[in-house]
**Q** 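Pasting a structure here, questions to come.
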Amino acid sequence: MKDYKEFKSRRDRLAFLLDDSVAIIVNSKESIRNKDCHYPFRSDSNFHYLSGFPEPDTIVMIFGGKNPKSIIFCQPKDEIKEIWNGYVYGPKQASKEFLFDEGYPLADAQKLIPKFIKSKKIFLLPSSRVGHIFSPKWFEINNKLREDLSEILDGMRVVKNDFEVNLMRKSADIAANAHIQAMKLTAPDKYEYEIEGEILNQFFRLGSRNPAYSSIVASGINGCTLHYIENDSQMKDGDLLLIDAGCEVGSYASDITRTFPVNGKFSSAQKEIYQLVLSAQKAAIEKVKVGLFFDDPHKEALKIIIDGLIDLGILIGSRDEVYEKELYKKFFMHRTSHWLGLDVHDVGKYLSKSKNSQAVKFTEGNVLTIEPGCYIRPSDHVSKEFWGIGVRIEDDVLVTSAGHDVLSKNAPKEIKELEEVIGTSNA
Ligand code: GLY
Ligand code: MN
Ligand code: MN
């Protein structure tokens with residue numbers, strides 16, 4: 001029951017922000033895998049945020065103004081369907097249990113929704129699947145009534161309350177534990193997918209049925225492909241293994257990357273690059289604080305990585321030259337952070353519209369990743385000992401009143417800690 005109150009309070013807040021308008025949010029459809037088999041269903045994140053209701057093909061309307069209310073349109077009770085596929089709430093039970101003011105069968109949506117709207121302004125999400133409710137002609141006539149809901153909703157979602165932080169903590173704890181088990185099982189000659197299997201096993205065993213994204217288990221040169229998900233190479237003695245894996249708890253994502261040697265011992269070249277990325281990551285985390293800007297951690301990480309790569313002779317030139325000509329992008333080509341929440345790359349503004357596109361400032365309750373990296377592909381200009389080294393270290397960080405809290409801190413990242421744990425399940 002408690003959770004439903006949380007979802008209702010979000011609807012109440014949105015209703016307040018809507019003034020005299022109405023918002024319509026449509027859930028995702030099930031995706032067919034083939035014939036009558038479906039991909040696992042996951043609700044649209046905005047729909048989940050405002051309802052917690054788990055069935056596809058459902059519509060929620062939220063009315064602002066003097067008499068705020070929220071209503072749900074969902075599948076009717078259907079005994080035959082329930083025998084095959086399990087429980088269906090039906091409009092009556094859905095509205096009662098999920099604390100909506102009214103509930104109607106989905107089949108009535110087309111007839112009732114335009115009537116309910118009257119001449120109110122309508123807030124929709126850009127991705128809204130409303131073609132089956134309103135005809136293109138209806139939109140033509142009522143076009144001026146339509147507004148973008150994402151502006152308001154993204155602003156709500158980018159600040160997490162205690163309920164959400166609690167779920168994100170659990171998600172990060174489970175993922176951190178999965179990373180530790182993966183480290184323990186890693187050894188030369190095993191295949192990357194064996195480690196992926198262990199990660200998924202840990203997610204499931206610890207109560208998360210959904211990875212937040214396809215896990216990256218990338219050994220050797222595969223670690224230099226940012227979104228490598230084949231995970232089918234045999235791991236070699238002397239290679240690094242980069243694992244980027246996170247899960248969902250209550251639909252909230254964790255997103256953790258760790259990199260460590262397959263044989264349990266960093267070579268001196270691997271150590272140089274690893275220590276550099278780790279120093280950059282730690283310094284970037286220190287830049288997460290209320291009032292600092294979203295791009296401060298990236299600037300800090302970039303400065304340290306540029307200086308380090310110049311010292312190692314991997315980049316040639318002065319810091320300013322490397323920065324201005326963006327020479328560093330050959331080795332560090334992505335940003336350091338993104339918002340994290342119901343989506344792994346969560347909603348929320350990065351730039352402030354009102355202030356000449358300056359980066360936004362951190363607010364208490366923001367959650368973001370800090371994930372600098374360094375990826376060195378074979379190249380004539382780089383000493384051979386560094387070839388094939390791909391390192392990323394990624395943590396999930398909550399902005400608190402006192403500074404920050406690293407939600408994923410249980411996943412080891414110091415060289416000594418890693419060397420102590422790698423391969424210990426193979427002993
Ligand atoms: N796992 C996706 C990312 O790190 O952004
Ligand atoms: Mn990430
Ligand atoms: Mn990641």
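One-based numbering, in listed order, for ligands and for the atoms of each.
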**Q** So, is His345 placed with an N/O/S atom under 2.8 Å from the Mn ion (ligand 2), counting both backbone and side chain?
**A** no
**Q** Looking at Asp255, pick out the N, O or S atom nearest to the Mn ion (ligand 2) and give its name.
**A**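 It is OD2 of Asp255.
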**Q** So, applying ring-ring contact (aromatic ring centres under 6.0 Å, His included) with Phe53, which one of Tyr89, Phe100, Tyr4 is it?
**A** Tyr89
**Q** Any N or O on Asp255 sitting closer than 3.5 Å to an N or O of ligand 1?
**A**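 Min N/O separation from ligand 1 is below 3.5 Å for Asp255.
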**Q** Are Thr257 and Asp244 close enough that a side-chain donor and a side-chain acceptor fall under 3.5 Å?
**A**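 Short answer, yes.
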**Q** What's the atom name of the N, O or S in Glu371 nearest to the Mn ion (ligand 2)?
**A** OE2
**Q** What is the name of the N/O/S atom in Glu394 that sits closest to the Mn ion (ligand 2)?
**A** OE2
**Q** Within the stated cut-off of 2.8 Å, is an N/O/S atom of Asp244 closer than that to the Mn ion (ligand 2)?
**A**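 So Asp244 does not count as coordinating the Mn ion (ligand 2).
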**Q** What protein heavy atom is closest to atom 5 (O) of ligand 1, reported as residue, atom name and distance in Å?
**A** His345 NE2, 2.6 Å
**Q** Could you label the plane-to-plane angle of the His334 and Phe332 rings as parallel, tilted or perpendicular, counting under 30° as parallel and over 60° as perpendicular?
**A** perpendicular
**Q** Please work out which of the three classes, parallel, tilted or perpendicular, describes the rings of His345 and His338, given edges at 30° and 60°.
**A**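 Geometry flag for His345 against His338: perpendicular rings.
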**Q** Name the one of His48, Arg169, Glu164, Lys160 that satisfies side-chain hydrogen bond (donor to acceptor under 3.5 Å, both in side chains) with Tyr252?
**A**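 It is Glu164; the other options fail the test.
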